[in-house]
Amino acid sequence: MSTIESVLKETRSFAPIDAFRQNATLSGMEAYNTVCERANNDYEGFWADLARELLSWHKPFTRTFDGSNAPFFKWFDDGLLNVSYNCLDRHLDQHGDKTAIIFESDDGQSTPISYRSLYEQVCQFANGLKKLGVEKGDRVVIYMPMTVQAVIAMQACARIGAIHSVVFGGFSAGALRDRIIDAGAKIVITANEGMRGGKTVPLKATVDEALDAGGCDSVEKVIVQKRTAGNTPMGARDIGWDELTAGLPLDCEPTWVEADHPLFILYTSGSTGKPKGIQHSSAGYLLGAANSFRWAFDYKPDDVFWCTADVGWITGHTYICYGPLAMGATQVVFEGVPTYPDASRFWSMIERHKVTTFYTAPTAIRSLIKLGADLPKQFDLSSLRLLGTVGEPINPEAWMWYYEVVGGGRCPIVDTWWQTETGSAMIAPMPGAVATKPGSCTLPLPGIMADIVDESGAPVELGNGGFLVIKRPFPSLVRTIWNDADRFRKTYFPDEFNGQYYLAGDSAHRDEDGYFWIMGRIDDVLNVSGHRLGTMEIESALVANPLVAEAAVVGKPHEVKGEAVVAFVVLKGPRPTGEEARKIAAELKSWVAHEIGKIAQPDDIRFGENLPKTRSGKIMRRLLRSIAKGEEITQDTSTLENPQILDQLQEPA
Ligand code: WTA
């Protein structure tokens, strides 16, 4: 099931079915083209209109775009607004009783939360943060399970202008500590334990481990939600969520912030060992979140939307915490995992909550096919009208199954290409207009000037691969890398492209219909189960182990995860073989899980006396990638110092 190969053979195309097209917001190609033309002809006017239509401003903006300090672009910069006001307050008059969130816990209890109740809980918690001295611009790290409280914590930060940085609950103490230090967080919000797949996750203990390792002097308090009955020791810097909020008022005047005031920082992997703090704005980001939610998912007020991502990733920020709430939608928030108590959990939840719009990752689809390709047929999935995917290329086989078995051939498949940096979906079929093709994210959203160029920045011919770029800055684009403006410029607006185009870091090609097909990353970033991992991060984790002298990490195709991590390791001692090699490999796998998190754990570790290097000492990664895939080595190996190490590296530990 090699994605690239099957994608290259793909010729099927599915036009929107009439019933869907007729009711769609953007109905038919003509409507789509008209909006695209409007964006082409009057780019700033196009975005300004949307910003007035979709956002509520405390003080309206008069300047739409300022590119004078490129690539540090500003949007709507003299306007004032509050993101939480836009997600909550403005819905109360007309829709206070509407369900904002249907929360389903790991153990299957479901609780509806109205917009009014969510508003009150956010306000009360915001008052709690204020009581602890949190002010506009302060950083708050959120390390929580997938609960409503995670959304409340994020919205409460937004309400008072504090900048949140959510760290995925699967990250280790070390990874959490790095992010706390880089962000200079004043407060950490966590839960005593999380619940996932019937097991507890010791979140508070991990926060303690991170803080006790030293260096986190900025942290003044840790707020602990009591999620489970588990007995978690509380220390002098800790305060319980309920204790903090008890008796505090249920409303809280929003802090009006400038349009470009940072809403959040979210760390993501890049090509160096140090994760990048992607800094997003308030207005531009929210506009991208709300508008793309409306268009890509053809949002209707009576929809029940469900995005299965974790709020620890950008997808959970944009399509759980911000986009749906800004539009006043009803959504499902799910604490657990797709395989607990069994592999029909998703299908049963769609049936029970009458989900209309379902958004998940190809890796989840592939694993559910494996665990029970016929299971969806046992459930009533007739409420579904649209299915989305995100995070990695979807192979046509999985696409067809999703379309036919889950969607009953009636629901458009909206394959959304985007990134932490873009803040919102960039390339995706407008479901009432654009015909879909299995494996292609199809055409850009109106207003997104995506293209494919060569090393010189010149457009490539249709059919040829090249670098995926976006030629004009758009409102939800990352504003900078926290603490590292220079890296921001060099990574995303490199001089080779005249500092003009946003370089996405993916390669892609376009077919004869102009459809985009994403081919993969151009940097040393892996995509494992839809999670971005830097090979350098994993390498630094490995060499931090006292046994390891040197390590190189590459990806290899994996049937379910998309990509799997393969590590080539040179020990300080002699090269281990047999039982000893297996023992050390297992040790190193848990080491990486402890250093970064389970998601980064190598599937496969190979030991050599050395790594294949060129004369100048550069590791020949292409060679390692071939070895990892089990391919025959066709590259020129004459420059290798000791070719016999290739035989060693082909032996699994
Ligand atoms: C990949 C996730 C193919 C891509 C929203 C991108 C995709 C990286 C797709 C960003 C898609 C995301 N088809 N590849 N529909 N969506 N990617 O920052 O390589 O976690 O650069 O954002 O995931 O991952 P990130």
Side-chain angles (χ1 to χ4, degrees), residues 3-4 6-7 10 166 168 170-171 264-271 275-278 280 285 288-289 292-293 296 307-320 322-323 359-366 387-396 398-399 402 413-429 436-445 448 450 452 465 467-470 476-478 481 491-492 502-509 515-534 555 561-563 599-600:
T3 308
I4 303 263
S6 41
V7 153
E10 189 52 52
V166 183
F168 172 59
F171 275 121
F264 64 85
I265 305 166
L266 182 59
Y267 287 87
T268 190
S269 297
S271 36
K276 304 179 272 198
I278 299 302
H280 276 289
Y285 168 80
S292 62
F293 175 73
C307 163
T308 67
D310 190 287
V311 285
W313 310 111
I314 191 67
T315 307
H317 280 60
T318 306
Y319 299 112
I320 295 177
Y322 292 113
Y359 189 38
T360 195
T363 186
I365 298 169
R366 289 190 296 260
L387 299 169
T389 73
V390 59
E392 47 176 327
I394 180 165
N395 48 305
W399 195 104
Y402 200 32
I413 304 289
V414 178
D415 176 350
T416 59
W417 175 86
W418 58 294
Q419 310 174 293
T420 306
E421 293 86 341
T422 67
S424 60
M426 297 281 109
I427 311 181
T436 54
K437 299 184 189 183
S440 168
C441 52
T442 75
L443 301 174
L445 268 70
I448 301 302
I452 299 169
F467 302 106
L468 181 57
V469 295
I470 300 173
S476 72
L477 182 64
V478 47
I481 294 177
T491 310
Y492 302 116
Y502 165 73
L503 178 66
D506 280 347
S507 61
H509 69 90
Y515 277 40
F516 286 78
W517 299 79
I518 307 296
M519 298 161 74
R521 299 283 310 186
I522 55 169
D523 51 10
D524 294 317
V525 169
L526 305 181
N527 193 327
V528 180
S529 303
H531 302 318
R532 251 168 94 166
L533 294 168
K561 300 182 193 180
E563 244 180 331
I599 50 168

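Keep in mind that what you see is a predicted model, and the values were worked out from it rather than measured. For ligands, and for the atoms within them, numbers begin at 1 and follow the listed sequence.
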*Asks:* Within a strict 4.5 Å, meaning less than it, do heavy atoms of the Trp417 and Phe516 side chains meet?
*Replies:*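 Sidechains of Phe516 and Trp417: no contact.
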*Asks:* Within this structure, what is the CD1-CZ distance for the pair Ile314 and Phe264, rounded to the nearest 0.5 Å?
*Replies:*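 One finds 4.0 Å between CD1 of Ile314 and CZ of Phe264.
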*Asks:* What I want to check is whether the side chains of Tyr267 and Thr420 have a donor and an acceptor closer together than 3.5 Å.
*Replies:* no
*Asks:* Within the structure provided, determine whether Ser476 and Met426 are in side-chain contact (heavy-atom separation under 4.5 Å).
*Replies:* yes
*Asks:* Can you sort out the partners of Trp399 under ring-ring contact (aromatic ring centres under 6.0 Å, His included), two or more places apart, ordered by chain and number?
*Replies:*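 Trp399: ring-ring contact (aromatic ring centres under 6.0 Å, His included) contacts with Phe14, Tyr403.
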*Asks:* With a 4.5 Å cut-off on side-chain heavy atoms, are Lys276 and Glu421 touching?
*Replies:*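 A side-chain contact under 4.5 Å exists here.
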*Asks:* Anything with a heavy atom under 4.0 Å from ligand 1 counts, so go ahead and list those protein residues by chain and number.
*Replies:* Ile314, Thr315, Val390, Gly391, Glu392, Pro393, Asp415, Thr416, Trp417, Trp418, Gln419, Thr420, Asp506, Ile518, Arg521, Asn527, Arg532
